[in-house]
Amino acid sequence: MTTATPTRAAGASRTNRPDADLRPVSFATLTLVEWRKQLDTRAGRWMLAIIAIITAGVLAVMMAVNGGNHSFSAFVAGTTTPMAMLLPIVGVLAATAEWSQRTALVTFTLEPRRTRVGLAKVVAAIGSGLALLALTVGLAALTHLLVVAFRDADPAWDLTARGVGYLALTVVLFMAQGVGFGLLLRSTPAAIVTLLVAPTIFSIVGSLVSGMADVLPWVDLSTASTPLLFDAAMSGEAWAQLATASLIWVVAPLVGGLWRTARSEISSS
C-alpha cells in the first residue's frame with residue numbers, strides 16, 4: 001500500500017499537468033474541421049445542391065439534343081463548364097463563414113496560428129472541388145453509357161488523361177481564387193460580386209477595345225483557363241498567360257487574404 005500510493009500519485013501528476021492537453025492541432029485535423037464547416041452551413045449545402053441540379057439539368061438537355069449522340073468529352077465539358085463558374089462561390093463561402101457567422105474568435109482561440117487555418121480552408125475547398133469533379137465525370141460517363149446502350153448513340157470514350165488533369169487544375173485554381181477573395185474581402189456578397197462582375201467587365205472591354213484583345217489572355221483568368229475546360233492544346237505562351245492571370249487573380253488575393261487574416265483584430269461583435 002505504501003509503495004503503490006506514490007506511484008498512483010506520480011501517474012496522476014503526469015496526467016494532470018497543465019501542458020498535457022496543449023498539444024498543437026495537426027494540419028490534417030484543421031483541414032477536416034474546415035471541410036465539415038463547408039457541409040454544416042446552409043449556404044454551402046445549398047450551393048453544392050445547386051451545382052448538382054445544374055449538372056443533372058445539363059446532362060438531361062444533352063441527352064435530349066441530337067438523340068444524345070455526343071462524345072464522352074462533350075458530356076464532361078457540358079457539365080464542368082457551369083461547375084467551373086460556381087466553384088469559386090463555394091470557395092468564397094468556405095472562407096467567409098467565420099466572419100458571417102461570427103465564429104472567428106472561437107476558431108482563432110482554439111488555433112491561434114491563423115495562417116494555418118487559412119491554408120486548411122484552401123486545402124479543404126480544393127478537396128471538395130476535386131471530389132465534385134470526380135462525381136461530375138462519373139455522371140457524364142454514366143450518361144454516355146446510357147445513351148450508347150439505349151439510344152444507339154455512337155460510343156466515343158475520348159476523354160484523355162491530359163483532359164482530366166486540365167480539369168483538375170481548373171478546379172484547384174478556381175477554388176483557391178474563391179477562398180482568396182473570401183479571406184481578403186471577408187464579405188460574401190462583395191466577394192461573389194467581384195468574382196462574377198470582374199470577368200464580365202474584362203470581356204466587355206476586350207470586345208470594345210481592339211488593343212485589349214491581345215492583352216486579355218494575360219490578365220483575365222477566365223480567358224486564360226478556357227483551353228483547360230475543353231482539353232485544347234496549350235502552347236508555351238498559353239501556359240505563360242495562365243500563370244500570369246493566376247498570379248493576378250489567385251495568388252495575389254490569396255496571399256493578401258492570409259496576410260489580412262493573420263494581422264487583423266478579431267472581435268466577437
Do the non-hydrogen side-chain atoms of [X] and [Y] ever get within less than 4.5 Å of each other?
| X | Y | result |
| --- | --- | --- |
| L183 | L258 | yes |
| F174 | L221 | yes |
| V90 | L132 | no |
| L139 | F75 | no |
| L228 | L242 | yes |
| T261 | L184 | no |
| W249 | F181 | yes |
| L119 | F27 | yes |

[atom1]-[atom2] distance between [X] and [Y], expressed to the nearest 0.5 angstrom:
| X | Y | atom1 | atom2 | answer |
| --- | --- | --- | --- | --- |
| T79 | L167 | OG1 | CG | 8.5 Å |
| S246 | L169 | OG | CG | 7.5 Å |
| I51 | I89 | CD1 | CD1 | 8.0 Å |
| K37 | K121 | NZ | NZ | 4.5 Å |
| E34 | S128 | CD | OG | 11.0 Å |
| L86 | L48 | CG | CG | 10.5 Å |

Can you confirm whether more than 12 heavy atoms, excluding those of [X], are under 6.0 Å from its [atom1] atom?
| X | atom1 | answer |
| --- | --- | --- |
| W157 | CH2 | yes |
| W239 | CH2 | yes |
| M234 | CE | yes |

Residue pair T55, L135: steps toward the side chain to side chain contact (heavy atoms under 4.5 Å, CB included) verdict: CA-CA 10 Å; T55 300; L135 177 62; over 6 Å; no

To check you understand the geometry: which heavy-atom pair defines the closest contact between [X] and [Y], and what is its length?
| X | Y | result |
| --- | --- | --- |
| V58 | P82 | CG2-CG, 4.2 Å |
| A140 | L59 | CA-CD2, 4.3 Å |
| P217 | A245 | O-CB, 4.3 Å |
| I126 | V171 | O-CG1, 4.4 Å |
| A74 | M62 | O-CE, 3.4 Å |
| Q241 | A224 | O-CB, 4.0 Å |

May I ask whether [X] and [Y] are part of the same hydrophobic cluster, defined by side-chain heavy atoms of I, L, V, M, F, W, Y residues being less than 4.5 angstrom apart, directly or through others?
| X | Y | answer |
| --- | --- | --- |
| F150 | V147 | no |
| Y166 | M85 | no |
| L247 | V172 | no |
| W46 | I54 | no |
| L145 | L159 | yes |

Sequence-distant partners of R113, salt bridge (Lys or Arg N to Asp or Glu O under 4.0 Å), two or more places apart: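 If we apply the salt bridge (Lys or Arg N to Asp or Glu O under 4.0 Å) test to R113, skipping adjacent residues, the hits are E111.
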
With sequence neighbours excluded, residues passing salt bridge (Lys or Arg N to Asp or Glu O under 4.0 Å) with R36: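 None.
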
Aromatic plane relationship, F72 with H144 - under 30° parallel, 30 to 60° tilted, over 60° perpendicular: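 Plane angle under 30°, so parallel.
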
Verdict with reasoning, V164 to V137, per side chain to side chain contact (heavy atoms under 4.5 Å, CB included): CA-CA 9 Å; V164 175; V137 173; 5.6 Å; no

Any side-chain donor near an acceptor of the partner, T96 and T188, under 3.5 Å: yes

CA sep, side-chain torsions, deciding dist, call: D231, S73, side-chain hydrogen bond (donor to acceptor under 3.5 Å, both in side chains): CA-CA 9 Å; D231 193 12; S73 61; over 6 Å; no

Check: T80 side chain, M83 main-chain N or O, donor-acceptor pair, under 3.5 Å: no

